[in-house]
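First comes the structure, then the notes that go with it.
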Amino acid sequence: MATIYFLMGVAGVGKTTIGKIWAKQLNLPFIDADDLHSDSNIEKMKRGIALSDEDRWPWLTKVHSAAVAEGSTKGAVIACSALKAKYRALLVGGLPEAYWFFLDANKETIQDRLKTRQHHYMPASLLESQLATLEIPEEAIHIDTSLSLDEIILFMQQSVALRNARIGVIGLGIMGTAISRNMAEKGWQLSIYNREVPDKEESVAKHATEVYPILSTALAFNELTAFVKSLGKKQYIFMMLPAGEATTMLIKALMPLLSAGAIIIDGANAFYKDTEMLQKQLAIKGIHLLGCGVSGGEKGALKGPAMMVSGNKQAFEVVAPLLKCIAARNGSGNSCCKYIGSEGSGHYVKMVHNAIEYGEMQLVAEIYSLLSIGLALDDASIATIFKQWNETDLESYLLQISGDILATKHNGAPIVSLISDKAYAKGTGSWATQEAAKLGVPSGMFTVALNTRFLSGNLAVREWVQQYIGVINKNMNTSPIDISLELIEEVYKLVRIWNHQQGFALIMAAAKEYGWPTVSLATITDGWRAGCIIRSTLMDILAAGFTTTDNLLEIDYCKRVMKNNYSSLVKLAANSMEAEIPIPIISEALQSILQYKQKVLATSLIQAQRDYFGAHGFKWKNKDTDNFQHHNWEF
Ligand code: 6PG
């Protein structure tokens with residue numbers, strides 16, 4: 001079949017250069033759509049006037065005719081800006097097969113290129129209008145033009161090979177179905193599989209193809225062998241099953257059915273050690289397992305999640321066009337699918353993402369307590385405050401949804417007032433706490449957030465305390481405490497930074513301990529700027545900051561907020577304690593900062609105690625020697 005390859009993007013992005021090389025590679029004719037403009041269009045552009053739809057239509061029709069002519073013979077490579085979806089629809093009409101490559105670059109890079117471009121009628125000033133007109137084609141294969149030409153061509157080759165393959169998706173729960181729909185919407189051919197459990201999970205995959213029109217062309221299976229067979233020689237499988245036993249069992253069942261070169265992408269919230277164990281077992285057969293942390297919930301999975309991938313780098317490169325295509329894009333246009341490093345580092349980073357998420361969620365809950373108990377505000381007023389804060393540097397997805405939640409009523413009552421306060425946790429927060437302990441990294445923020453969930457479910461102790469020490473009923477509080485809205489806002493900013501700081505410190509410690517040299521906080525945070533649950537303006541600030549340091553505390557914004565807002569933290573914590581408003585994560589932030597402030601900590605006594613009862617040794621302060629000493633304690 002004759003194929004037309006379209007390379008699209010704004011002027012100056014490199015369509016002609018890349019298109020010519022690509023055409024040569026495939027031995028196809030190259031058509032530069034710019035050569036088909038009418039004299040009047042060229043005149044207009046030379047004068048720096050943007051073309052209208054009316055100007056572009058006859059030109060696009062000409063490009064389309066050229067595409068049809070070539071399509072009926074050998075195929076061709078066409079470089080064309082094709083800025084709008086309707087232009088692209090016109091261009092592909094009646095073509096046997098068309099591939100779209102979208103060349104992506106940031107504005108500054110393109111501007112620089114346009115300035116140095118010679119012999120072209122398009123002035124650099126037209127870039128603004130092109131960018132404003134551009135409707136980014138989600139279905140196209142996005143090419144990062146900051147790569148070298150060789151890398152770009154390799155990526156294009158891999159993308160085309162992948163596009164021709166049938167992608168397998170295993171597990172059609174909420175997330176797996178959303179991921180399948182996302183892939184299908186971007187034009188990937190799918191085989192989808194779900195296990196068969198009588199009375200519980202019956203014909204789930206088939207059902208999905210019936211319920212979602214976009215999945216109607218996907219092949220549906222409830223039998224693993226037939227599913228794998230349908231993939232043909234290129235076996236690329238995205239798995240979205242509950243982490244742990246379900247994932248392990250299925251991978252074991254898949255193993256004999258797959259051949260060397262197969263790539264499995266595990267999108268579950270898996271424990272990184274499990275991922276590494278499976279990677280090793282599969283490697284014996286030449287099968288690659290990529291651990292892939294996926295964040296963003298159902299909506300993210302459907303519209304574009306953040307993805308943190310690890311494992312064999314070459315295997316990642318093979319499936320990168322698929323993953324990058326379905327992932328979210330951040331404000332700079334970068335894909336939020338990131339290669340993190342080897343082994344289980346992707347799932348590790350997702351685990352820390354969740355730990356930060358636990359801290360952020362706990363903090364919003366405490367801010368809610370302070371506003372509702374401390375300032376005696378109702379849920380609707382708090383929702384309004386959250387909305388206002390979301391217009392500032394406090395903006396975050398979690399703050400936004402918390403505002404939405406507080407504005408929601410159920411049967412006439414604020415919905416939160418009707419929801420049980422027993423909070424659950426699945427595993428990632430607990431693993432992060434254990435990991436931090438293993439590596440000796442302070443993790444008070446997410447440990448406290450995790451414990452708060454456990455405490456909420458410890459009903460026996462809750463009842464005991466309420467019986468013997470006393471009950472506090474939020475609604476009984478009639479005298480608001482001496483804290484202002486501004487004070488709460490300042491503390492909120494500071495504690496967020498402290499929470500993020502502990503998460504990033506854990507990632508860096510793990511990268512060092514486990515030998516993951518490619519782990520980069522700049523890359524990770526660039527990938528967390530969209531799609532994921534902890535996306536926020538703070539993340540944008542951190543992503544910019546991490547391009548020059550790996551230490552969050554060296555980032556100017558963080559330094560400023562921590563320094564300026566510290567006294568508010570002390571005041572707020574003291575007043576809230578007095579009023580008996582529980583603020584565990586805020587207190588933890590204060591307690592840990594307070595300890596760091598001490599020139600000398602009371603831990604000298606701990607060292608002495610250790611030596612007293614166990615001869616564990618201590619080091620003298622202000623002594624040249626770094627050796628452990630033992631004192632002969634005689635009593
Ligand atoms: C995400 C979430 C997602 C899920 C967590 C919740 O990034 O999309 O983190 O992975 O909501 O598993 O974890 P808990 O059930 O432990 O709160």
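Counting starts at 1 for both ligands and their atoms, following the listed order.
- Remark: the N330 side chain and the D526 side chain contain an N/O donor-acceptor pair separated by less than 3.5 Å.
- No side-chain donor-acceptor contact under 3.5 Å links Q388 and T384.
- Every atom of ligand 1 with a heavy atom of Y358 under 4.0 Å away is listed here by number and element: 14 (P), 16 (O), 17 (O).
- Polar contact check, I533 against ligand 1: no nitrogen or oxygen pair lies under 3.5 Å apart.
- Residues S146 and D144 bring a donor and an acceptor atom of their side chains to less than 3.5 Å of each other.
- Because its NZ or CZ atom is not both nearer than 6.0 Å to the ring centre of W528 and within 45° of the ring axis, R535 does not count as a cation-pi partner of that residue.
- Under the 3.5 Å distance criterion, with hydrogens and angles disregarded, no donor-acceptor pair is assigned to the side chains of Y339 and E317.
- When non-hydrogen atoms are compared, ligand 1 lies under 4.0 Å from the side chain of R453 (C-beta onward) but not from its backbone.
- Among protein heavy atoms, atom 15 (O) of ligand 1 sits closest to K426 CG, 3.2 Å.
- Both the sub-6.0 Å distance and the 45° axial angle are satisfied by R453 relative to the ring of Y358.
- The side chain to side chain contact (heavy atoms under 4.5 Å, CB included) test with I326 singles out one residue from K303, E185, M183, and that residue is M183.
- The nearest non-hydrogen atom to atom 5 (C) of ligand 1, considering only I534, N354, I356, L450, comes from N354.
- Aromatic ring orientation, Y272 versus Y348: perpendicular (interplanar angle above 60°, classes split at 30° and 60°).
- Between N269 and ligand 1, a contact under 3.5 Å exists for at least one N or O pair.
- Any N or O atom pair closer than 3.5 Å counts here, and G296 shares at least one such pair with ligand 1.
- Atom 11 (O) of ligand 1 has E357 OE2, 4.3 Å as its closest protein atom, hydrogens excluded (heavy atom only).
- For the pair A425 and ligand 1, a heavy-atom separation below 4.0 Å is found.
- Close approach of ligand 1 to G297 is summarised as follows: ligand atoms under 4.0 Å from at least one heavy atom of the residue are 8 (O).
- For atom 7 (O) of ligand 1, the closest non-hydrogen atom on the protein side is S295 OG, 2.5 Å.
- Near H353, meaning under 4.0 Å from one of its heavy atoms, ligand 1 places the atoms 7 (O).
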